[in-house]
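Here the structure comes first, spelled out in structure tokens, and everything after it is commentary.
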Amino acid sequence: MIRYMVKNNIKLMSRSSINILLMIVMPLIVISVLSSAFTDLMKRYDESDITAGYFIENDAVNEKMIDALKEAAKDNGIILREYTRSDPAECMRNDDLNGFVVFDKDGYTVYRNSDEAEIGKVIEYFVNAFYEKTGTSMAGIDTDSIEIRVEHPAFKPSIESIDYYGIVEVVFFLWCAIVCGSGIFMSEKKYQIIKKYQVSNLSSTKLYLGKFIPLVAAVFAGGIISTVLSIVLLGVHWGRPLLSLIIILLTTGAASAFGLMVYNIFDNIVVTIIAVFTVVWFAGFYGGSFETYIYSSHPESIKLISPIYHINRALTELSCMGHSDFVKSAVMYNVSLVIICSLIAIAADALRKRGRA
């Protein structure tokens, strides 16, 4: 019976082939736009050191903390020079600085050279990471117990913008998988197909698998086609193809399970699409789908909540380095979501059946 349902649902989705086509075309369009817009930001920086000036207003930061900051900066290839005047534009222009930091009682302000935006992002990322380690106010803090570890490669990897966005946008649109299943849900409502299945006394698990399997197959096929086209037409480079393919497949499964869970809870395709897109947008925002996580100033603790962040880190680092510490977490995150979301979706459907009985 499941085989019949899978076959029937594939036919229903094929009637709304425009949705699958959008899953193929939209990533290519967004990849082209974002990679072009952020080419300068993602441009590789080949100099050995970055030089930035800093100014302290009214002893907002004590000398001990500045020494710790300069030492941590030196370990990460950043040279900090102290200035007695707070005119960032003039200092950067006269002394050829890559950036300038002003410390005051409320925190800090990072000024970036307009011609070197990507380097300014590196400086901003470093100062933000240092503040996260020491607290929002650095004055009066004992530095003996502070261990500063800001790894330079974490925010300055060797990856082109076309490769970065060519990977993360495919992932982002995979998470909108439920759109491809709209043909199934609308046909169920229109022709009351679900009632026919109920007469056959099919369990909620079988009904779920009858939708989950074809949805994963259709979205995965669309994602692979989009990926191949991006490689051929745009020159996107993927690393470790087999491992990347496994992560993409698991991501498709997690996205499909999440979408089906939301649909089984609300039983309304319009509400489902809005809810799924809202969650995916926020997960993508913090996960690096729009602003590259490489230069993002969002706290790491927030980014780690997003499954998209783990997937993006794993796939992009596989592309630029051939390995990634995030492969394991990406796989675990996806597998956990498939299991948890599937169980909730099946339970929600079973409860709805009892309510109708």
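For reference, positions follow the sequence shown, starting with 1.
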Tightest non-hydrogen contact, residues Ser289 and Ile308, listed as OG-CG2, 3.6 Å

- Item | Leu28 side chain near Ser226 side chain, heavy-atom distance below 4.5 Å | yes

In this structure, CD1 of Ile346 is separated from CG of Leu260 (nearest 0.5 Å) by 10.0 Å

Rounded to the nearest 0.5 angstrom, the CD1-CG distance for Ile184 and Asn9 is 4.0 Å

Q) Are any of the side-chain nitrogens in Arg93 or Glu90 under 4.0 Å away from the carboxylate oxygens of its partner? A) no

Handout entry: Any side-chain heavy-atom pair of Arg313 and Tyr293 under 4.5 Å
Key = yes

### Message
Tell me whether the rings of Tyr309 and Phe326 are parallel (<30°), tilted (30 to 60°) or perpendicular (>60°).
### Response
perpendicular

* Between Tyr263 and Phe185, does the ring centre distance come in under 6.0 Å? -> yes

Notebook entry, point to check: So do Cys180 and Met23 actually touch side chain to side chain, heavy atoms under 4.5 Å?
Noted result: yes

ask   = Looking just at side-chain N and O atoms, do Thr292 and Tyr165 make a donor-acceptor pair shorter than 3.5 Å?
value = no

Between the CG atom in Leu69 and the CZ atom in Phe126, the distance rounded to the nearest 0.5 Å is 5.0 Å

Before you tell me yes or no, could you show the steps for Met92 and Tyr111 under side chain to side chain contact (heavy atoms under 4.5 Å, CB included), namely the whole-Å CA-CA distance, both residues' side-chain angles and the distance that decides it to 0.1 Å? CA-CA 9 Å; Met92 287 190 291; Tyr111 296 87; 4.1 Å; yes

Review point. Please walk me through it: do Leu215 and Met13 pass side chain to side chain contact (heavy atoms under 4.5 Å, CB included)?
Key: CA-CA 8 Å; Leu215 182 59; Met13 283 192 294; 4.3 Å; yes

Between Ile24 and Gly222, the two heavy atoms sitting closest are CG1-O, 3.5 Å

Output yes when a side-chain donor or acceptor of Asn128 lies under 3.5 Å from a complementary backbone atom of Glu124, and no otherwise. no

Counting C-beta onward and ignoring hydrogens, is there a side-chain heavy-atom pair between Val102 and Phe100 closer than 4.5 Å? yes

Exercise. Is a side-chain N or O of Asp349 found less than 3.5 angstrom from the main chain of Ala345, in a donor-acceptor match?
Worked result: no

Review point. Quick check: does any side chain N or O of Ser244 sit under 3.5 Å from a backbone N or O of Arg240, one acting as donor and the other as acceptor?
Key: yes

Determine whether the aromatic ring centres of Trp281 and Phe290 lie less than 6.0 Å apart.
yes

**Message:** Is it the case that the side chain of Ser14 and the backbone of Ser17 share a donor-acceptor pair, with hydrogens and angles ignored and the cut-off at 3.5 Å?
**Reply:** no

Test side chain to side chain contact (heavy atoms under 4.5 Å, CB included), reference Thr252, set Val171, Leu174, Ile224, output is Leu174

Rounding to 0.5 Å, atoms CD1 (Ile29) and CG (Leu34) come to a distance of 11.5 Å

Is it true that a side-chain atom of Ser342 and a backbone atom of Ile339 form a donor plus acceptor pair closer than 3.5 Å?
no

Looking at Thr51, is its backbone amide N or carbonyl O close enough to the side chain of Asn98 to form a donor-acceptor pair, meaning the two atoms are under 3.5 Å apart?
yes

Between Gly166 and Trp238 the two heavy atoms that sit nearest each other are O-CZ2, 3.9 Å

Can you tell me if His310 uses its side chain to pair, donor with acceptor, with the backbone of Leu304 under 3.5 Å?
yes

Please confirm whether the backbone N or O of Gly53 pairs with a side-chain atom of Arg81, one donor and one acceptor, at under 3.5 Å?
-> no

Distance col, row Lys211:NZ vs Ile178:CD1, nearest 0.5 angstrom, shows 9.0 Å

(Q) Atom CG of residue position Asn58 - does it have more than 12 heavy atoms of other residues, nucleotides or ligands inside 6.0 Å? (A) no

- Would you say Ile305 and Tyr286 make side-chain contact, with heavy atoms under 4.5 Å? no

Quiz prompt | Thr109 side chain reached by Val101 side chain, heavy atoms, under 4.5 Å | solution = no

Could you go through Ser35 and Tyr164, starting from their C-alpha distance and side-chain angles, then the distance that decides it, and tell me whether this counts as side chain to side chain donor-acceptor pair (under 3.5 Å)?
CA-CA 8 Å; Ser35 63; Tyr164 179 85; over 6 Å; no

When every non-hydrogen atom of Ser230 is compared with those of Ile31, the smallest separation belongs to CB-CD1, 4.4 Å

Output for pair (Cys176 SG, Leu22 CG), nearest 0.5 Å, gives 11.0 Å

What about the rings of Phe285 and His298, do their centers lie closer together than 6.0 Å? yes

Taking every heavy atom of Gly287 against every heavy atom of Asn312, the minimum-distance pair comes out as O-ND2, 2.9 Å

Do you reckon Met332 sits in the same ILVMFWY cluster as Val327, going by side-chain contacts under 4.5 Å, direct or chained? no

Nearest heavy-atom contact between Val338 and Gly253 is CG2-C, 3.5 Å

Residue set satisfying side chain to side chain donor-acceptor pair (under 3.5 Å) with Ser324, at least two apart, ordered chain then number -> Glu317

Note to self: Assess the residue pair Ile66 and Glu82 against the criterion (side chain to side chain contact (heavy atoms under 4.5 Å, CB included)); give the C-alpha distance rounded to whole Å, side-chain angles, the decisive distance to 0.1 Å, and a yes or no.
What the structure shows: CA-CA 10 Å; Ile66 283 296; Glu82 184 175 8; 5.7 Å; no

**Q.** Residue pair Val271 / Ile274, side-chain heavy-atom distance below 4.5 Å
**A.** no

Apply side chain to side chain contact (heavy atoms under 4.5 Å, CB included) to residues Asp267 and Arg352 and explain how you reach the verdict.
CA-CA 9 Å; Asp267 196 29; Arg352 183 173 293 107; 3.6 Å; yes

* To do: Indicate yes or no: at least one non-hydrogen side-chain atom of Trp175 is less than 4.5 angstrom from one of Thr251.
  => yes

Any side-chain donor paired with an acceptor under 3.5 Å for Thr316 and Asp163?
no

From CA spacing to verdict: side chain to side chain donor-acceptor pair (under 3.5 Å), Asp95, Tyr83:
CA-CA 11 Å; Asp95 297 338; Tyr83 285 77; 2.5 Å; yes

